[in-house]
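We count ligands from 1, going down the list as the structure has it; atoms in each ligand are counted the same way. Just so we're clear, the structure is a prediction, and the values are computed from it rather than from any experiment.
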Amino acid sequence: MAAHTRAAILAWVDAHQAAVVGLAQALVRIPSENKPPHGSEKACQMFVADYLRDLGCQVDVFNPLEIEGLTEHPAYWPGHDYTDRPNVVGVLTPQPGGAVGGPPGLASGRRSLLFTGHVDVVPTVGEGRYGWWDGTVVDGALYGRGANDMKGGIAAYLMAARCIRELDLALTGDLILETVVDEEFGGAHGTLACRLRGYNADLAILPEPNNMLISTAHRGGQQFRLFTSSEGVGMGFGETVLRDPVTALGHLLAALDRYNAERQGRPKPKGFENDVFPLMPFVLRAGELLPWGTGEAIPETAWVEFWIEIPPGVTEDELQSELRAVVARATETTPTLQRVTTRWEERTRFLAGSSMAEDHPAVGTLAANLSSVTGQPPAFGPAPFACDGFMFNLHSPTPVVILGPRGANAHAPDEWVSVEDLVALTKTYALTIADWLT
Ligand SMILES: [Zn+2]
C-alpha cells in the first residue's frame with residue numbers, strides 16, 4: 001500500500017474516533033439478548049443492515065433455517081427457535097461501472113476478506129454500577145451488555161469498512177461483512193448458515209474479545225448435567241444399605257476432579273502448552289427441606305451441571321466416552337454408586353476447539369498492521385475461550401483468526417471494552433482491508 005494511503009487511513013480513523021465509540025454505543029443500546037431457545041437480535045440486525053446499505057453494500061438478510069442443508073449438517077444441534085432472528089451479510093465488490101455479478105468471496109476467484117461477529121448477548125443477571133443498555137463511557141472504558149462480547153469489535157470492523165468507502169479506495173477483491181445471531185450458549189447456527197449460504201473468503205477475522213491477541217486457535221468445550229437417581233427411597237426404612245443419590249454424586253464429583261487433574265498432564269497442542277482446561281461445576285442440586293426446615297426423605301435424584309474445556313483436536317466422541325469411562329470406573333470400585341443409576345444430559349452442543357495455519361499470509365498482514373498501529377510487537381496465542389470459530393475452521397473453506405479488544409466482565413455486570421483498543425482495531429482492520437483487497 002502506498003504510504004499516503006496508509007497515512008490517510010490512520011488520519012481518517014483518528015478524526016472519527018468519536019464515531020467509532022458512537023457506533024459501539026448505538027449497538028450496545030439495542031438489547032439483543034439470547035435466551036435459549038429464543039433470541040431478540042432482530043432490531044440490532046436491522047440496524048446493522050441499514051448501516052451496510054448506507055455503505056453501499058449488497059445486503060443479504062436471511063433466516064438461518066432458510067438455508068438448505070443446515071438442519072441436516074453434522075454440526076447442527078436441534079432445539080433453537082429462529083423466529084425473527086435474521087443473519088445479515090453485506091458485500092462490497094470491485095466496482096468499475098457497478099457491482100460485479102456472481103458469487104462473492106472465494107468462489108469469485110478474486111481475493112477476499114470476511115469480518116464476522118455475533119450480535120446476540122447473554123441475558124442481564126445481577127446489577128452493576130452502570131446501566132446494561134446505556135453505553136456509558138468512563139475513563140476510556142465503554143460499559144454495557146455486549147460492549148466487550150462483542151459489539152465493540154463489530155463496531156470496529158463496520159467503521160473500518162466505512163473508512164475504506166469514504167476514502168474511495170478502489171477494491172480489487174471482495175469484502176464481506178457479516179453479523180450473525182445465536183452464538184451464545186453454543187448456538188453457532190447463524191455462523192454455520194452464513195458458510196452454507198456461500199459466504200467464504202481467503203480469511204475471516206473474528207473480533208471476539210481476546211485482549212488484542214492474534215489467535216489462530218481457540219478452545220472448545222461442552223456443558224453437561226450428570227444425574228444420580230434411585231426411585232422410591234424415601235426414608236429408606238428397612239433397607240440394610242441405603243440407596244443414596246446424594247452421596248453417590250459426591251463420589252462422581254471426586255472422580256471428575258481426579259480425571260480433570262490427570263488430563264492436564266497430557267501433551268497439549270502447540271500454543272496451548274501452558275493452558276489449564278477447567279472443569280467447572282456451576283450448579284449442584286438434590287432434595288429439599290420442608291417449610292419448617294427439616295428433611296423428610298432421601299431425594300430420588302441429585303445432579304451437577306458443569307462446563308468442561310478442551311483443546312483443538314479433541315472430538316465429541318473422545319470427550320464423551322472419556323466422561324462415561326470416568327463414571328464407569330468410579331462405579332466399579334464404589335458400592336454407593338452401584339446402588340444408583342447415572343444419566344447424562346448434554347446442555348449445550350459440543351463446541352470443538354479449532355485452529356488454522358499460522359503462516360497464512362493475510363494473518364501476517366494483520367499482525368504487521370496491528371504492530372504498526374500499537375507500536376508493540378504483535379502477541380500471538382490461542383484464544384482462551386470456546387466460540388463459533390470452529391464453524392469456519394472445521395466446517396467451511398474459510399480459516400478464521402481471532403483479534404479483538406481488551407476489556408472485562410463479559411457475561412457479568414459492568415461488562416466493558418477498551419475504547420483505545422476499538423480505535424486501534426479500526427485502524428488495523430482498515431489497513432488490512434487496504435493491503436489485502438486494493
Ligand atoms: Zn462472544
(message) Would you say CD of Glu288 has more than 12 non-hydrogen atoms from neighbouring residues, nucleotides or ligands within 6.0 angstrom?
(response)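 It does not: Glu288 CD has 12 such atoms or fewer within range.
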
(message) A quick test of your reading: do over 12 heavy atoms of other residues, nucleotides or ligands sit less than 6.0 Å from CD of Glu127?
(response) no

(request) Can you list, by chain and residue number, the protein N, O or S atoms under 2.8 Å from the Zn ion (ligand 1)? (result)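 Near the Zn ion (ligand 1), below 2.8 Å, one finds His118 NE2, Asp149 OD1, Glu208 OE1, Glu208 OE2.
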
(request) Could you tell me which residues satisfy side chain to side chain contact (heavy atoms under 4.5 Å, CB included) with Ala193, sequence neighbours excluded, listed by chain and number? (result) Phe62, Pro64, Ile67, Leu70, Asn87

(request) State whether Trp133 and Arg29 meet the cation-pi test: NZ (Lys) or CZ (Arg) under 6.0 Å from the six-membered ring centroid, and within 45° of the perpendicular axis. (result)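 Output no; distance or angle outside limits.
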
(message) Under a plain distance cut-off of 3.5 Å, with no hydrogens placed, do Asn369 and Thr432 share a side-chain donor-acceptor pair?
(response)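 The criterion, which ignores hydrogens and geometry beyond distance, is satisfied for Asn369 and Thr432.
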
(message) Ignoring hydrogens and geometry beyond distance, is a side-chain donor-acceptor pair present between Thr191 and His118 at under 3.5 Å?
(response) no

